[in-house]
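Below is one structure; the comments refer to it alone.
Residue numbers begin at 1 in each chain, while the letters A, B, ... track the order of the sequences. Quantities reported herein were computed from a predicted structural model and do not represent experimental measurements. All values below come from the heavy atoms of this structure, side chains included, with hydrogens, waters and symmetry mates left out.
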Amino acid sequence: MSFLEVLNVCKSFDDQAVLKNISLSIEKNEFTTLLGPSGCGKTTLLRSIAGLSSLDSGRVLLDGEDITYKNPRDRNIGMIFQSYCLFPTMTVFDNVAYGLRLQKIPPEQTREEVQGVLESMNLLDKAKSFPAHLSGGERQRVALARSLVMKPKILLLDEPFNAIDAKMRKSLQLTVKDIHKEYGMTSILVTHDQEEAMRMSDTIHLFNDGVIEQSGTPTDLYLDPKSKYVASFMGNYNVIDANSFSRVTHGRYQEGKTVVLRPEAIELEKLPFEEGSPGHTFVGAITSAVPQGSIVRFGVDTEGVVLNVDVLVDKATAFRVGEQVHLRILTDKILSFCFGTRFSILKRRVHD
Amino acid sequence: MSFLEVLNVCKSFDDQAVLKNISLSIEKNEFTTLLGPSGCGKTTLLRSIAGLSSLDSGRVLLDGEDITYKNPRDRNIGMIFQSYCLFPTMTVFDNVAYGLRLQKIPPEQTREEVQGVLESMNLLDKAKSFPAHLSGGERQRVALARSLVMKPKILLLDEPFNAIDAKMRKSLQLTVKDIHKEYGMTSILVTHDQEEAMRMSDTIHLFNDGVIEQSGTPTDLYLDPKSKYVASFMGNYNVIDANSFSRVTHGRYQEGKTVVLRPEAIELEKLPFEEGSPGHTFVGAITSAVPQGSIVRFGVDTEGVVLNVDVLVDKATAFRVGEQVHLRILTDKILSFCFGTRFSILKRRVHD
Amino acid sequence: MNRNDKQSKRTHLPLIIRTVLLLAGILLWEYFATNGRYNPIFTSHPSGIIKDSIVFVTSGQLYKHASITVLEVFGALFLGSLAGIALATFFGYFSFAGEIFTPIISGISCIPQLALAPIYVLWFGLGLQSKIFLAGLMVFFNVFSATYGAIKSMDKGILESANLLGASEFVTLRTVVLPSCMPWILSGLRGGVSAALIGAIIGEYIGSRGGLGWMITYSTSYFNISRVMSCILVLLVLGLALNKALDLLERRVLVWRTVTTLGTERLKK
Amino acid sequence: MNRNDKQSKRTHLPLIIRTVLLLAGILLWEYFATNGRYNPIFTSHPSGIIKDSIVFVTSGQLYKHASITVLEVFGALFLGSLAGIALATFFGYFSFAGEIFTPIISGISCIPQLALAPIYVLWFGLGLQSKIFLAGLMVFFNVFSATYGAIKSMDKGILESANLLGASEFVTLRTVVLPSCMPWILSGLRGGVSAALIGAIIGEYIGSRGGLGWMITYSTSYFNISRVMSCILVLLVLGLALNKALDLLERRVLVWRTVTTLGTERLKK
C-alpha cells in the first residue's frame, strides 16, 4: 500500500460537486503536484487531507492508518498557505517553536531543534524579527520552518508561491525542492501554474472540474497529453483543425482530426529538405520573432495558418522576419484528437 | 535629428546623483525600453521626459522642439503608470473622454473618437463600468485608451505590467505591442524585467546606476554583452573563473580571463564528438534536469564545475540524470571578460 | 430554488430569535410594571410611553421642541461641513500653510468641545446660536480632518495623469480631487451627524429655552419618565433618519465605489 | 551631515512659525484684555487664568475635584473594557449567539448615551455610580465593537495553522487570537478614553456634588471664567496623559507591529 491513499473521495458545496469520486496514491518521498485551474477542486482535496475540510464520502489513509475523521491537530501534517499565516505577534523563533512548546518538549531541546531548522532555512539572523518585518519570501521560509520542525508525515503546500514576487519565486521554489530532498519529505503542492508544476514535481495530477484528467511525470504530460484539455493546459501547443492542416500538407494529411503540434517539434531550415525526407515538409514565411530567454519564438505563415515555432537563439539568428523558410514535422510528433479526446496515440517513451 | 533627443541630462536627489550625464535619441515609431534594476535612474529619466520631474541640467528635444521647461499639460505626451491611475469617480467612457473634453472637442466627435479607441482596445462593453469593477488588465487597457485618444507624440510606459498577474501580463504585453504598431506610436517602456524587455523592444538601453551601460537590439545585448554586468543581467549565463575553465578544457584555455557561456550555446551529445572537431569538447555527468516550457535545463558537472545547458524538449528526452554526456562549446561562443569589462570581442552579427 | 431556500432559512433564523426575544422583553417589562411587581416611576413602562407620546404629538409640544433641535442640528451640519471642506481644500493645496496650521487645529480638537458647552452658552446665550456654534465646531473637526486626510493621501499619479491630459490645477481639483475625496467627506459628515445631535442636546441641557434636550431635563425634574422616554425615541428616530439620508446620498454619489461582491465567496474554494 | 541639516531645516520651519503665531496670539489676548480694549469677563485672560490656577492648586480644590473625576474615568475604563472584551470574545466564539445578540447591542449603541445622562442620574443618584455607569457604557460599546470586529476578521488560515500544529481552541484563543486582536482592542480603548472623559464631565454637569464638571458649571454660574479655563486646562492635561499612557502601552504590547519605515521614501524614486 502507498504512503498516502485517497479513496473514492466526494465533496459538494451547496449542491455543486467539487470532488467527483477522486482516488490517488502517493509514495513516500515523492513530490506530487495537484495542477489545475482555479475552482477545479485541487485545494479542496488538499484541505481534506489536512482535515480542514470534511468529506461527503470516501476515505483518506496515511501511513496505513485511516485518518478520515481525525482532528487536524492529531494528524501530524504540515501545511503551507498562500498567505503565510504566521502568528503575527510572535518572533520568528517563537513561531517555529510554537508546536514544540505545545508538546511540552524541554526548552533546551526546543531551542536546539528550532535553531537547527532555522539554520537550514538560512533564517538564523532573523530569529528575533517579527513577521511584519520580513519579506514575502522570508515569511514563507518561516512558515516552512514552522512546519518542518514538527517532522510532519506529509507536507501540504497550497499555492505557496502565489503571493511572492517573480524574482524571489524561483529561488523559493528551489529552497522547497532542496528541503524536500534534505528532510526526506513527502510533499503535495497545489498550483495553477503549469511551469511551476513542471519544474518542481515528480508526479503531476492534472485536475479538471473535480476529476483527475491525467497523471504522470511532467515530461509525460507535456509530450504525451491524453486529451485536448491536457495539451492546451501543458504547453504552447499549436492547435490546427483538420482542414487547415490538410491544406498545409497539400492534402497528404487526410485523417480528419484536429491536429496538435508542439512549437519546438517543428524543424525550421533556410534550405529545402531533401526529397523523400520523412514527415510532412512545407514552405512558409516568418511573420514575427519574439526572443524568450534561450529560445526565439517565430510565427510562420503557411497557407494562411500561422504556426508558432521555437528555435534556440544560436540557430535563430539565421532567420529574419519576412524571409521564406522550410518547415518539417515528423509524423510521430503529430498528435491528433477527435472531439476533444486523443484518438491515435503514437507511443513514445520519455527517458529512453 | 531624431524624434526625441535627450542631451546630457543630470539629476540628483539629496546630493545623490541618479542621472549622470545621460544622452540618448529615439526614432519615430521605435519601441524603446529603458531596462535596469530599481534605483538605476530609469524611471527618473522617464518622468523628466514627461515633465513630471525637473532636471538639474541637460535638455530634452521632442520633434525638434526644446520641451525641457514646458508644462507637462502642454507637451502632448501620454503616460501609463504601474498603478493605472484612472480617475476612480468616472466611468471608462468618461475617463477616456476626459482629455478631449478639456480641449472643448464637440461632444459628437468626442463620442466617436472615444468609441473608436475603446473598440480597438476591446473595451466597448465596459464603457459604462467604473474602474473599481475592472480587472487589473482591463484597467491598464483603459489607461492606454485614455492616453491614445489624445494622439500623443510619444507614449511613456512606467512598469505598466508590474501590478498585473502573470496570466494577464503576456496578453497585455501583446496588446501594447499591437497598439504601438497600429497607431504608429513612438513608445518608451521602463522595466526591470529582462524577459519583458526582450519580448517587447526594438531597442534596449540597459541602465546601471545612472548611466547607460549598453544600448542595442535585444539580440545584440543577449548575444554580445559588453560587460559582465550586461551578461549577468541579460541571461542565464554560466560565469566561470579562468582557472576552472582551464581545468574543464584540460589546459587548452589559457587566456586567464573569466569566461561567460550561454546555456544554449553548449552542445550536448550522448556520443563523443569527432577527434579534431572545432571548439572545446569535454565530458560531464548530468546532475539535474528541470523542464521549462519547450526547453529542459540540465545541470552538467564537469571537473567539479556545474554548467547549465539548455536543450529543446525533443532532444532532451534522450538524456537522464546521472548519465555521462559529451559537451562542446565553439570558440566564437566563448565570451571572456577581464575585471568586469569585455576584453576580446569576437564579432558576430545578428540576422545575417 | 432549493439553495435559495436554505440560504434564506440560515440567515433568517437569528433574526427571528432576536425579534422574539425583544418582544418578550417588552411584554415582561409591561407585565411587571403594570402588575405592581415594582414601581415604574423610575423606568416608566411601554403602554405609559405610548400614551404620553400621543399627548406629546397632539399637544403640539413635539413639533415645537423638535423643530428647535432640528434647526440647530441642520445649522451646525451646514456651517460646520462647509467650513471643514473649504479649509481642508485650502490647506491641502497650499501645503506650507497646511503644515503650519493643521497641527493647531488638531490640537484644539483635542479639547472635548462638549466640556466647553457652559462657556459657549455664556458667550452666545440661551438661544440657537450657542448650540449651533457648539455642534458646528464638532462637525467642523470631523469633516476637516477627514477631508484633509483624503486630499493628502490622493495618489499622486492620478494628479499627474490629469496634468498630462491637459488639466490645470483648478480643473483637477474640481473634476478629480474633490469627487475622489467624497467617500471620506461623507464619512466625516456621518461622524458629524452624531456629533451635531449630541452637541445640540447637551447644549440644551446646559441652558436653553426649548428643544428636545430642554424637554428631557424639564421632564426629569418632574419625574415624568414617560416623557423622557418619548423624547429619546424621537431622538433615535431623528438620528436614524439622518443616517438613512446619508446612506441615500452615499449610494447616489458613490456609484463608482460599489463593488459587486456577488459570488466571490464561491470562488474562494 | 549636509543632508541632515537640510532635512531638519525643512521640517522645523513650520514648527517655528506656528510657535511664534501662538505666542503672539496669547500676548495679544493678554494685551487687549488688560488694557481695557474689551471686557474680559466673558473670556478671562492669560495672566488671570495663571493666577486662578495657583489658587485652585494651593486651596486643595483641584485635588478634591480632579480625584472625583479621575476615579469615575478609571472605573468606567476598567469595567467597560473588561465587559467589552469578555462579551466580544464570547460572541466571537459562539457565533450563533453572536449573530443573535450583536445586532441588539449595536442597535442600543445607536442611542446617544450622553442624552440618557439625566435618566442615569435619576436611577443611580448624584454620586459616582451614575457617572461610572454612563462613561462605562460608552467605553463598553467602543471596546466591544472593536474587539468583536477584530475576532471576526481574523485570518482563518492562522487559526488552521495553529490547529495543525497541535493547538486546541482554547489554547489558540489565548496564544494567537487575543494577542493578534490587541491593536484593535487598544484602538477601542483609545476611543473609550475620550468617551469616558466626556461621559464623566457631562454626568457631572447634569447632577453631582463634585468633580471637574461640577466645578465648571458652578464657576460659570458665578461668572468665574478664569476658573472654568483652569478646569479645562486640567481636563486637557488629563486627556493627554491618558493618551500618552496608551501610546506607551501600545509601543510595549505592539512591538511586533512597528514597521520600520526608514528609507522607504528613498526607494520610491
Side-chain angles (χ1 to χ4, degrees), chain C residues 11 13-18 21-22 25 41-44 95-104 107 110-119 121-123 194-195 197-202 204-207 212-213 216-221 223 225 228-229 231-233 235-236 239-240 243, chain D residues 10-11 13-18 21-22 25 41-44 95-104 107 110-119 121-123 194-195 197-199 201-202 204-207 212-213 216-221 223 225 228-229 231-233 235-236 239-240 243:
Chain C
T11 49
L13 189 58
L15 181 66
I16 293 162
I17 296 180
R18 199 184 309 139
L21 281 175
L22 282 177
I41 186 161
F42 283 129
T43 61
S44 183
S95 43
F96 192 72
E99 268 186 82
I100 295 175
F101 288 103
T102 46
I104 298 182
C110 281
I111 309 172
Q113 293 303 313
L114 288 174
L116 296 174
I119 296 196
V121 171
L122 196 71
W123 287 354
S194 320
L197 263 176
I198 207 71
I201 297 294
I202 299 297
E204 288 169 4
Y205 284 176
I206 301 299
L212 291 170
I216 291 174
T217 39
Y218 176 83
S219 310
T220 312
S221 60
F223 288 89
I225 303 301
V228 173
M229 294 288 184
C231 287
I232 285 171
L233 273 180
L235 270 181
L236 199 58
L240 291 177
N243 270 303
Chain D
R10 224 182 285 148
T11 49
L13 189 58
L15 181 65
I16 292 163
I17 296 181
R18 198 185 308 138
L21 281 175
L22 282 177
I41 188 160
F42 283 130
T43 61
S44 184
S95 42
F96 192 71
E99 266 186 85
I100 294 173
F101 287 103
T102 47
I104 298 182
C110 281
I111 309 172
Q113 294 303 312
L114 288 175
L116 296 174
I119 296 197
V121 172
L122 195 71
W123 287 353
S194 320
L197 263 175
I198 208 70
I201 296 293
I202 299 296
E204 288 169 3
Y205 283 177
I206 301 298
L212 290 171
I216 290 175
T217 38
Y218 177 82
S219 309
T220 312
S221 60
F223 287 92
I225 303 303
V228 173
M229 292 291 182
C231 288
I232 285 171
L233 273 180
L235 272 180
L236 198 59
L240 290 178
N243 269 303

Verdict with reasoning, C:Trp123 to C:Leu116, per side-chain contact (heavy atoms from CB on, under 4.5 Å): CA-CA 11 Å; C:Trp123 287 354; C:Leu116 296 174; over 6 Å; no
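- Atom-to-atom distance recorded for C:Thr102:OG1 and D:Arg18:CZ is 7.0 Å, nearest 0.5 angstrom.
- Applying the side chain to side chain contact (heavy atoms under 4.5 Å, CB included) rule to C:Ile225 yields the partners C:Ser44, C:Met229, D:Leu122; only residues at least two apart in sequence or on another chain are considered.
- Residue with the most contacts toward chain C among D:Cys231, D:Pro103, D:Ser221: D:Pro103 (heavy-atom pairs, distance under 4.5 Å).
- Heavy-atom distances place the side chain of C:Ile206, and not its backbone, under 4.5 Å from chain D.
- Listed options D:Ile111, D:Leu114, D:Ile216 were ranked by heavy-atom pairs under 4.5 angstrom with chain C; first place goes to D:Leu114.
- Residues that satisfy the side-chain hydrogen bond (donor to acceptor under 3.5 Å, both in side chains) test with D:Thr43, not counting sequence neighbours, are D:Tyr38.
- Ranking D:Ile202, D:Ile198, D:Val228, D:Val121 against chain C, the residue ahead of the rest is D:Ile198, based on heavy-atom pairs under 4.5 Å.
- Residue C:Leu235 holds its CG atom at 12.5 Å from SG of D:Cys110, rounded to the nearest 0.5 Å.
- Counting heavy-atom pairs under 4.5 Å between each of C:Leu21, C:Asn243, C:Leu236 and chain D puts C:Leu236 at the top.
- In terms of heavy-atom pairs under 4.5 Å with chain D, the best-connected choice from C:Ile201, C:Ile16, C:Leu22, C:Ile104 is C:Ile104.
- Residues C:Glu99 and D:Pro14 approach most closely at OE1-CG, 3.5 Å, considering heavy atoms.
- In this structure, the portions of D:Ile100 lying under 4.5 Å from any heavy atom of chain C include both its backbone and its side chain.
- Only the side chain of D:Tyr205 comes within contact range of chain C, with heavy atoms under 4.5 Å apart.
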